[in-house]
There are 2 protein chains.
Amino acid sequence: MDIKKKIEKHNIKATIARVSLLEIFSQAQKPLSYEDIKPELKMDKATFYRNISLFIDAGLLNSFESNDKKRYFELKSHPHAHFICRVCNSVECIDNLNITLQEYQIENIIINGLCKQCTVRK
Amino acid sequence: MDIKKKIEKHNIKATIARVSLLEIFSQAQKPLSYEDIKPELKMDKATFYRNISLFIDAGLLNSFESNDKKRYFELKSHPHAHFICRVCNSVECIDNLNITLQEYQIENIIINGLCKQCTVRK
DNA sequence: AAAAAAATGCGACTCAGTCGCAAATAAGGA
DNA sequence: TCCTTATTTGCGACTGAGTCGCATTTTTTT
């Protein structure tokens with residue numbers, strides 16, 4: 001089981017709850033909010049957040065806030081930016097965008113505005 | 001009264017509550033959260049949020065989420081990015097960063113990571 | 001000045017996220 | 001295998017941002 005090893009590599013015990021949680025993120029193609037995950041969640045809300053924090057601290061997960069007050073989580077794979085549409089609230093991953101800032105260490109970039117579809121409709 | 005005119009320009013009635021609210025943002029040098037504003041707030045929480053939404057829809061204010069689960073508001077003046085530090089949670093305005101995305105309309109950019117001070121301390 | 005429309009305050013509510021604690025599960029000896 | 005200890009989990013209660021309906025106040029219109 002690949003995921004189990006991935007967890008244990010970070011000195012975290014691979015409990016059933018944790019493996020199933022990371023599995024959800026592995027199968028997703030884009031960031032997920034608690035609301036997205038809730039239906040298929042087999043653990044308590046508190047446990048969910050505790051494990052999410054654990055994964056974030058370990059560097060396995062990334063989290064950021066949308067403009068619609070939702071917090072999104074995703075697997076920390078390759079660094080990339082996220083575009084969040086003000087109108088339709090969709091979240092898109094933006095690759096091939098390289099920004100550097102002197103003396104700052106960038107971990108995530110969120111761009112707010114109008115997505116392709118919503119720009120056209122204006 | 002400058003602020004009053006600014007509000008009325010957007011077809012919004014310049015009530016006392018609204019003028020006082022925009023005044024707070026005019027005097028601030030950086031984005032403010034509800035928590036920051038609360039002490040000097042003279043209106044009800046509901047009214048505050050209603051007026052904030054109004055200003056945002058009118059394009060007078062900008063809002064974005066920090067990584068510490070707080071929502072920040074600021075006057076929409078010149079377009080610029082924001083840097084939020086994962087460690088000290090400080091919010092900094094980043095000028096002279098120009099990013100363009102084909103077919104997307106960018107309204108705000110939030111960069112998460114480690115700020116200058118916290119990068120050094122690592 | 002009266003009637004209609006908009007803005008506000010109030011209270012109740014929702015929902016994400018947190019915390020303490022007790023029960024359950026896992027790990028480590030002897 | 002049994003006992004002890006450390007971790008993890010579920011449960012319930014709680015906080016705090018943000019929303020909603022409704023009655024009251026303020027503003028606008030006729």
Side-chain angles (χ1 to χ4, degrees), chain A residues 1 3-5 7-25 31-58 60-74 84 86 89 91, chain B residues 1 3-5 7-25 31-58 60-74 84 86 89 91:
Chain A
M1 184 54 63
I3 291 175
K4 209 173 161 185
K5 281 182 189 162
I7 295 175
E8 283 165 349
K9 208 181 284 178
H10 290 82
N11 291 323
I12 297 173
K13 282 178 200 157
T15 63
I16 298 165
R18 289 174 185 163
V19 172
S20 74
L21 186 54
L22 264 206
E23 253 164 10
I24 293 173
F25 287 108
L32 302 172
S33 67
Y34 169 59
E35 199 184 349
D36 295 331
I37 301 168
K38 189 159 57 174
E40 27 186 336
L41 208 58
K42 292 190 190 74
M43 74 200 75
D44 186 69
K45 191 170 56 147
T47 306
F48 168 78
Y49 283 111
R50 278 187 287 235
N51 284 332
I52 286 281
S53 301
L54 208 69
F55 288 152
I56 288 176
D57 292 345
L60 272 165
L61 284 185
N62 229 350
S63 92
F64 59 90
E65 307 280 328
S66 150
N67 56 340
D68 59 343
K69 284 145 241 138
K70 278 191 265 176
R71 196 169 159 208
Y72 284 85
F73 311 98
E74 73 168 351
I84 301 173
R86 194 193 68 205
N89 285 326
V91 180
Chain B
M1 182 55 64
I3 291 176
K4 211 174 162 184
K5 281 183 191 164
I7 295 175
E8 284 165 347
K9 208 181 284 178
H10 290 83
N11 292 321
I12 297 173
K13 284 175 198 158
T15 63
I16 298 164
R18 287 173 187 165
V19 172
S20 74
L21 186 54
L22 263 205
E23 253 165 9
I24 293 173
F25 286 108
L32 302 172
S33 67
Y34 169 59
E35 199 184 351
D36 296 332
I37 302 167
K38 189 161 57 175
E40 28 185 334
L41 208 57
K42 293 190 190 71
M43 74 201 75
D44 186 70
K45 192 170 54 145
T47 306
F48 168 78
Y49 282 112
R50 277 188 286 236
N51 285 332
I52 286 282
S53 302
L54 209 69
F55 289 152
I56 288 176
D57 291 345
L60 273 165
L61 284 186
N62 229 349
S63 92
F64 59 91
E65 306 279 328
S66 150
N67 57 341
D68 58 345
K69 284 147 240 136
K70 278 193 265 177
R71 195 171 160 207
Y72 284 85
F73 311 99
E74 72 167 351
I84 301 173
R86 194 194 67 205
N89 285 325
V91 180

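Note on naming: letters A, B, ... go to the chains in the order of the sequence lines (proteins, then strands), and numbering restarts at 1 for each one. Computation of the quantities below employed the complete heavy-atom set of this structure, encompassing side-chain atoms and omitting hydrogens, waters and symmetry-equivalent molecules.
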Is there a donor-acceptor contact under 3.5 Å from the side chain of A:Arg18 to the main chain of A:Asn51?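 Here the side-chain-to-backbone pair does not exist.
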Roughly how many Å is it from [atom1] in [X] to [atom2] in [N], rounded to a whole number?
{"X": "A:Leu21", "N": "D:dT8", "atom1": "CG", "atom2": "P", "value": "14 Å"}
{"X": "B:Lys70", "N": "D:dA17", "atom1": "NZ", "atom2": "C1'", "value": "12 Å"}
{"X": "A:Phe48", "N": "C:dC15", "atom1": "CZ", "atom2": "P", "value": "16 Å"}
{"X": "A:Glu35", "N": "D:dG18", "atom1": "CD", "atom2": "P", "value": "16 Å"}
{"X": "A:Ile37", "N": "C:dC15", "atom1": "CD1", "atom2": "C1'", "value": "16 Å"}
{"X": "B:Ile52", "N": "C:dA7", "atom1": "CD1", "atom2": "C1'", "value": "16 Å"}
{"X": "B:Met43", "N": "D:dT25", "atom1": "CE", "atom2": "C1'", "value": "16 Å"}
{"X": "B:Glu65", "N": "C:dG17", "atom1": "CD", "atom2": "P", "value": "10 Å"}

Starting at the 5' end of DNA chain D and moving along, which residue's nearest nucleotide shows up first, B:Lys13 or A:Thr47? A:Thr47
On DNA chain D, does the nearest nucleotide to A:Arg50 precede the nearest nucleotide to A:Lys45 from the 5' side, or the other way round? Give the residue. A:Arg50
Any B:Thr15 side-chain N or O less than 4.0 Å from OP1/OP2 of C:dT8: yes
Does a side-chain N or O of B:Tyr49 approach OP1 or OP2 of D:dG18 to a distance below 4.0 Å, or not?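 The answer is yes; a side-chain N or O of B:Tyr49 sits under 4.0 Å from OP1 or OP2.
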Kindly check if the number of other-residue, nucleotide or ligand heavy atoms within 6.0 Å of CD (A:Glu8) is above 12? yes
Minimal heavy-atom distance between A:Ile7 and A:Leu60, with the atoms involved, is CA-CD1, 4.5 Å
Check A:Ser33 against A:Tyr72 and note the closest heavy-atom contact, atom names and distance.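 Closest pair (atom of A:Ser33, atom of A:Tyr72, distance): N-CD2, 3.7 Å.
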Which nucleotide, C:dG9, C:dA7, C:dG17, lies nearest any side-chain atom of A:Arg71? C:dG17
Taking the six-membered ring for Trp, are A:Tyr34 and A:Tyr49 ring centroids under 6.0 Å apart?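 When the ring centroids of A:Tyr34 and A:Tyr49 are compared, they turn out to be within the sub-6.0 Å range.
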Applying a 4.0 Å non-hydrogen cut-off, can you work out what A:Ala46 is touching in the nucleic acid: base, sugar-phosphate, or nothing? base
